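Just below is one structure, and these are the notes that go with it.
Residue numbering restarts at 1 for every chain, and letters A, B, ... go by the order of the sequence lines. As the structure is a computational prediction, the values presented were derived from the model and not from experiment.
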Number of protein chains: 2
Amino acid sequence: MIQAVLRRLELFAGLSDQEREALSSLLSRRVRRIGPRHDIVIEGQPARNVIFLLSGWACRYKHLHDGRRQTMAYLLPGDACDLAVFGLPVLDHSLATIGSARIAEVPARQMQDLLDRHPRLARGFAWARVVAEAIGREWLVNLGQRSAAEKLAHLLCELSLRATSVGLCVDGRCPLPLTQIDLASTTGMSIVHVNRTLQDLRGRGLVSIEGRQLRILAPARLRDMAQFDDTYLHLGRPRRRPGLESASGPARQATAAAF
Amino acid sequence: MIQAVLRRLELFAGLSDQEREALSSLLSRRVRRIGPRHDIVIEGQPARNVIFLLSGWACRYKHLHDGRRQTMAYLLPGDACDLAVFGLPVLDHSLATIGSARIAEVPARQMQDLLDRHPRLARGFAWARVVAEAIGREWLVNLGQRSAAEKLAHLLCELSLRATSVGLCVDGRCPLPLTQIDLASTTGMSIVHVNRTLQDLRGRGLVSIEGRQLRILAPARLRDMAQFDDTYLHLGRPRRRPGLESASGPARQATAAAF
DNA sequence: CGGTCATTTGAAATCGTTCAAAAGGAGTGG
DNA sequence: CCACTCCTTTTGAACGATTTCAAATGACCG
């Protein structure tokens with residue numbers, strides 16, 4: 001389970017045994033199993049712990065007073081939940097599981113110590129945060145500019161690629177634990193319209209969805225219709241930044257990761 | 001002009017004379033004036049410098065192949081442009097001015113040194129980044145869930161508050177250099193519909209917009225219709241985080257800011 | 001004063017929502 | 001195992017919000 005977090009970080013850079021060890025031990029201290037459709041943390045609470053998703057899927061979401069709900073991110077196994085919000089006095093959104101999940105909670109202080117001691121881990125997490133932000137920007141484009149079919153096509157491209165990158169997919173089959181209700185609250189569409197649009201995608205032979213499994217039948221055509229360009233996911237390992245080749249020393253590296 | 005950046009940071013925490021001095025001198029080394037509607041950096045370029053907006057407004061945006069365009073953020077005087085994307089091998093979006101603007105460019109290395117030496121500055125910038133992310137999340141809600149009138153009402157609430165917080169507004173009048181075309185690419189609406197919806201807001205006596213100046217005539221009603229809750233802007237100074245009260249030493253503080 | 005760009009208007013067409021209800025699936029307790 | 005319930009998916013039809021197209025008006029600049 002903790003493997004997931006390591007694998008996620010190693011998408012970015014190699015880790016030494018020592019680093020894996022340090023992170024693993026921290027993650028294994030407080031592990032909780034959470035049932036499906038349960039809130040992990042709720043809007044308005046202070047963010048005390050950093051939370052890691054060891055297995056299962058989760059989502060960030062926000063409610064309006066009248067019940068409307070917008071999903072702002074999906075978290076896959078290995079993702080850290082609080083990179084972006086840790087430091088807020090109170091959370092401005094909630095975090096909930098999709099299916100049942102396992103999470104590790106790490107107190108702020110301990111996380112801090114870990115990052116101070118292992119700058120490469122700090123850099124890895126900083127990178128994960130940058131990617132999460134890039135995904136958020138792509139979602140803004142999705143919500144603002146794309147048509148219903150394009151939105152869903154784009155979302156499915158993204159999720160299948162992210163799932164693949166953390167090893168969740170086997171020969172074209174990709175787990176998709178989301179309901180059409182989830183897809184609706186993600187794309188800003190009504191549930192009914194999500195349903196009809198999915199039928200359209202299926203009808204065109206682009207995807208098949210059955211038993212909570214997604215299969216992309218015509219990847220090229222799907223990407224094409226969504227104008228999906230995977231560079232924003234930055235799945236390849238990044239090159240070192242030009243200006244910082246010779247940066248050295250733990251403190252420097254740590255902040256480098258930071259900024 | 002450089003005052004803007006200092007004031008922006010001081011929304012978060014006090015700065016020592018030494019810190020102001022260090023930042024000011026760095027910012028004043030390479031200042032450029034850029035005309036209206038000009039790109040500052042373009043999608044696909046590597047991010048070499050950190051860019052600060054000293055005066056004028058700017059926006060982050062992304063293009064689709066067929067010309068559709070989505071604005072993903074507005075930057076006001078004092079905002080740093082690259083907190084969130086610095087570290088990407090190539091930028092996944094562009095940055096452009098709205099009206100004419102003045103920017104400061106700081107090479108990565110020098111910025112790094114500054115943050116290493118002045119952890120409080122590092123913390124200030126980290127905070128600004130957290131707030132920028134929160135704004136992005138709120139925009140997702142805006143695009144996904146709110147109706148046309150609600151979208152515009154919410155956006156106007158946000159922009160007027162942000163403008164106020166950096167001292168751009170005088171007695172209810174707030175500069176709004178955005179065209180209806182800008183508002184359309186921000187809210188995902190057509191230009192025509194932006195126009196009609198603004199007329200509606202004006203007709204209800206909620207706002208008046210003339211000569212690139214916004215005046216919110218009925219703040220309570222406007223906030224109400226948009227379900228605008230300003231906590232996501234985190235304009236009050238944050239309390240120190242619970243777990244980190246006793247954190248000390250430059251390296252530690254720097255990473256604290258980071259994460 | 002002409003030219004360019006932003007705003008405004010009208011009317012028709014489209015996309016997406018809403019309402020209402022049925023059908024399918026999965027889990028639970030009797 | 002069946003009956004029951006709850007939740008998700010699906011369908012139909014009417015309605016409404018928003019877009020599109022096309023053109024006129026207004027504002028600003030050189």
Side-chain angles (χ1 to χ4, degrees), chain A residues 35-38 57 59 64 66-71 96-100 142-153 155-156 175-203 207-214 225, chain B residues 35-38 57 59 64 66-71 96-100 142-153 155-156 175-203 207-214 225:
Chain A
R37 305 287 162 189
H38 260 253
W57 290 36
C59 68
L64 295 187
D66 50 10
R68 283 177 284 180
R69 170 178 169 147
Q70 176 66 38
T71 300
T97 57
I98 303 294
S100 68
N142 220 19
L143 285 171
Q145 300 301 324
R146 287 192 248 257
S147 70
E150 292 170 333
K151 278 178 187 164
L152 284 175
L155 181 62
L156 295 179
L176 188 71
L178 309 178
T179 64
Q180 294 184 7
I181 298 168
D182 292 318
L183 296 175
S185 90
T186 304
T187 55
M189 299 160 59
S190 70
I191 298 166
V192 171
H193 200 48
V194 165
N195 181 279
R196 293 188 170 124
T197 307
L198 282 179
Q199 287 179 48
D200 179 46
L201 294 183
R202 282 191 285 241
V207 301
S208 90
I209 302 179
E210 26 188 89
R212 299 282 116 111
Q213 295 250 322
L214 165 69
M225 96 168 296
Chain B
R37 304 289 163 189
H38 260 254
W57 290 36
C59 69
L64 295 187
D66 50 10
R68 285 177 282 180
R69 170 178 169 145
Q70 177 66 38
T71 301
T97 57
I98 303 294
S100 68
N142 219 22
L143 284 171
Q145 300 301 325
R146 287 191 248 257
S147 70
E150 292 170 333
K151 278 178 186 161
L152 284 174
L155 181 62
L156 295 178
L176 187 72
L178 309 178
T179 64
Q180 294 184 6
I181 298 169
D182 292 318
L183 295 175
S185 91
T186 305
T187 55
M189 300 160 57
S190 70
I191 298 167
V192 171
H193 201 47
V194 165
N195 180 279
R196 292 187 170 124
T197 307
L198 283 179
Q199 288 179 49
D200 178 46
L201 294 183
R202 283 191 283 242
V207 302
S208 89
I209 302 179
E210 27 188 90
R212 298 281 118 110
Q213 295 251 320
L214 165 69
M225 95 166 298

Taking only nitrogen or oxygen atoms into account, show me every contact under 3.5 Å that the protein makes with nucleotides 28-30 of chain D, one pair per line with its distance.
none

ask   = When rounded to the nearest 0.5 angstrom, what distance separates CG in Leu201(B) from CG in Leu156(B)?
value = 7.0 Å
request  = Nearest 0.5 Å please: distance from the CG atom of Asp182(B) over to the CD1 atom of Ile191(B).
outcome  = 9.5 Å
key: Heavy-atom pair with the smallest gap, counting every atom of Ala149(A) and Asp200(A)   = CB-OD2, 4.4 Å
key: Which atom of Thr71(A) lies closest to which atom of Cys59(A), heavy atoms considered   = CG2-CB, 3.9 Å
ask   = Along DNA chain C, 5' to 3', what are the outermost nucleotides having an atom less than 4.0 Å from a heavy atom of chain B?
value = dA6(C) to dA11(C)
request  = Could you tell me the separation between the CG atom of Asn195(A) and the CG atom of Leu183(A), rounded to the nearest 0.5 Å?
outcome  = 10.5 Å
key: Heavy-atom side-chain contact between Thr179(A) and Arg37(A) under 4.5 Å   = yes
ask   = Pick from Gln70(A), Arg68(A), Arg69(A): which one makes a side chain to side chain donor-acceptor pair (under 3.5 Å) with Gln145(B)?
value = Gln70(A)
message = Do Arg146(B) and Leu64(A) make a side-chain contact, defined as non-hydrogen atoms from C-beta onward lying under 4.5 Å apart?
response = yes
task = Summarise how protein sits on nucleotides 4-20 of chain D as a single string, 5' to 3': B when a protein heavy atom is under 4.0 Å from the base, S for sugar-phosphate-only contact, - for no contact.
result = ----SSBBBB----SBB
remark   = Between Glu150(B) and Asn142(B) the two heavy atoms that sit nearest each other are O-OD1, 4.2 Å
key: Where Arg202(A) and Ile209(A) come nearest, the two heavy atoms and their spacing   = NH1-O, 3.7 Å
